[in-house]
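To start, the structure under review is shown below, and the notes come after it.
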Amino acid sequence: MIVSHLSLKNWKNFRTVDVPLRSRVFLAGPNASGKSNFLDVFRFLRDIVKRGGGLQQAVAERGGLSQIRCLAARNEPAVEIEAGLAEASGQPPLWRYAVGIQQSRGEASSRLVYERIWNHDGQILDRPDDSDAKDPMRLTQTHLEQISANETFRELARFFDSVSYLHLVPQLVRNPRAFAGPGIPGDPFGQSFLERVASTPPKTRRSRLSKIEKALVSAVPQLKELTDTKDEAGAPHLEAIYEHWRPRGAKQREDQFSDGTLRLIALLWSLLESQSLLLLEEPELSLNAAIIRILPAIIHRLQGKHKRQVLISTHSAELLSDQGIGGEEIFILTPTEEGTKVEVASTIQEVRDLLEIGFTPAEAVIPRTTPQLGAQRWLFDA
Amino acid sequence: MPETYINLVFEDMLSETVLRRLLRCSRVTYGVGFAHNAGGSGWIKKRINDFNRAAQGMPYLVLTDLDTCECAPVLIRQWLDTPKHPNLLFRVAVREVEAWLLGCREAFAAFLGISESRIPTNVDGIADPKAFVVDLARRSRKRDVRVDIVPEEGSMAQVGPAYNERLRLFMEMSWDPAVAKRRSPSLRRAIRALDLFEPALPSSRNRSNC
């Protein structure tokens with residue numbers, strides 16, 4: 001299943017968003033336009049349904065509803081999210097989930113303004129209902145998060161629960177213990193990446209690592225025989241033979257891998273890991289331009305038969321230079337005084353014109369996301 | 001509200017700063033659609049015919065340096081396969097956009113800390129304006145200007161480490177196109193083209209008159 005449609009109101013940078021989504025979506029926009037906040041909608045839905053999560057927890061982790069609500073919004077309106085789910089791009093929706101959340105100044109917790117669910121037969125949930133009217137406390141929880149209430153739409157809850165997010169920080173992978181503390185929920189930065197690899201059943205693990213090794217051949221040709229191992233203390237590691245002038249090469253562990261190698265391994269692992277929605281934050285970081293140019297094709301191939309959905313934020317012209325990327329797959333985020341505008345690139349006539357003439361998506365789109373920088377006077381202030 | 005929206009295509013940020021300044025000073029009130037930094041003239045040359053086609057839908061202002069080409073009309077003839085669409089404003093700086101900056105002789109000399117007499121009166125006649133600016137900066141009385149604009153001794157770089165940023169600062173603070181155009185025929189023609197420009201409507205919209 002994929003998220004085939006998304007509407008937002010007052011979510012972070014966005015006052016209103018209404019976009020159809022394909023199985024691959026590239027988010028392009030200047031710094032601080034809201035690319036990560038767009039991805040965060042899906043993490044928010046996951047935080048509502050995950051074990052130990054819930055609406056209150058999801059809101060609290062983001063600093064309260066006042067931090068979620070769009071700054072351009074006036075009079076504290078509700079934050080609204082509506083997601084349509086379909087089997088694949090362009091297919092009719094199987095599920096629709098809509099939620100409105102409100103928290104006024106002075107209120108200790110946020111509450112539902114509404115929660116609605118539709119399946120292919122029609123609406124199956126419409127809150128607030130009579131029970132909510134009798135006990136308003138019920139509106140502090142969604143039915144989506146409650147096992148006792150979500151039986152008829154558990155598939156929807158499972159979908160949101162399996163959303164994954166990757167923004168790997170190589171330093172965290174190399175030195176997971178150097179950063180003490182409880183760890184960040186969902187491990188978005190890869191602190192427990194090695195444990196995740198180690199806890200995968202051996203057969204699956206070997207198969208994935210061997211696929212990754214093959215993919216690495218072109219990017220890092222000196223690296224051979226990627227395996228996982230454990231040290232004396234039982235801590236998991238990745239290991240590979242690094243070929244050099246000595247006949248047998250030398251074994252290296254992940255703490256000696258380059259940033260680019262580590263990020264590429266984690267990226268490929270995440271793509272192979274599951275079949276549900278994957279959010280990738282700037283996958284181009286630390287990678288050579290030639291590798292970045294083939295990333296869209298790699299992502300496409302590893303999306304699998306069922307076309308698992310991948311949402312990618314990017315600043316990279318190289319990434320978008322692939323002519324296999326359609327204008328309908330690119331969202332352009334443009335900050336305005338009334339919040340950030342999200343447009344599907346193919347709906348902009350000029351972008352269509354340029355693409356039809358034969359410009360690459362990068363050539364047609366990147367100029368629209370490039371900030372206009374005036375002369376940097378401060379550099380010359382004595 | 002701008003009367004006319006136009007897309008920009010240019011070789012680097014220095015040229016972009018020039019173009020935006022020219023648009024602001026023009027008799028026509030321009031709004032900028034998108035701004036495409038081509039990273040050199042090679043890509044502009046490769047894409048200019050596509051921009052000529054795209055110009056049917058929206059005006060484009062393209063600026064490139066003449067560099068070593070014989071003259072602007074020759075360059076345009078060599079680059080364009082089909083006649084230029086009226087919505088394509090294809091301007092060529094002779095020989096580089098730096099010459100347009102040098103046209104403001106008095107202000108540029110003060111900015112560099114050199115004598116005005118070192119700058120020729122016809123800046124379009126300078127063979128290599130970038131190298132010329134670097135050479136002028138070498139003689140500057142201001143140490144900051146020298147270390148920013150002149151490459152370090154032994155360096156392979158053609159310009160100093162803050163060359164573009166310094167020149168962009170000059171442009172924003174002191175450059176006056178109305179003065180500069182008196183010394184540069186290619187700038188004068190560019191300004192004139194922008195002052196007189198009226199976008200041709202797409203052919204499909206013209207048909208609504210029938």
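Only a predicted model underlies this, so the values are computations on that prediction, with no experimental measurement involved. Order of the sequence lines fixes the chain letters, A, B, ..., with proteins taken first and strands second; residue numbering starts at 1 for each chain.
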Report the option among Glu16(B), Met173(B), Arg20(B) that has the most heavy-atom pairs separated by less than 4.5 Å from atoms of chain A.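 That would be Arg20(B).
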Heavy-atom distances under 4.5 Å only: say whether Leu373(A) touches chain B with side chain, backbone, both or neither.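 Both parts, heavy atoms under 4.5 Å.
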Contact origin within Ile357(A) toward chain B - heavy atom pairs under 4.5 Å: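 Its backbone and side chain both get close to chain B.
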Can you see whether [X] engages [Y] through a side-chain donor-acceptor pair at a distance of less than 3.5 angstrom?
X         : Y         : answer
Trp43(B)  : Glu11(B)  : no
Glu281(A) : Ser36(A)  : yes
Ser186(B) : Trp100(B) : yes
Gln376(A) : Trp378(A) : yes
Ser4(A)   : Gln91(A)  : no
Ser23(A)  : Gln309(A) : no

Where on [X] is there a heavy atom nearer than 4.5 Å to chain A: the side chain, the backbone, both, or neither?
X         : result
Asn7(B)   : side chain
Met13(B)  : side chain
Ala54(B)  : both
Asn164(B) : neither
Arg166(B) : both

For the interface with chain B, which of Gln349(A), Glu356(A), Arg368(A), Glu350(A) has the highest count of heavy-atom pairs at distances below 4.5 Å?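 Looking at each option in turn, the highest pair count goes to Glu350(A).
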Aromatic contact between Phe170(B) and Phe380(A), with the criterion being ring centroids under 6.0 Å apart: yes or no?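 No; Phe380(A) has its ring centre 6.0 Å or more from that of Phe170(B).
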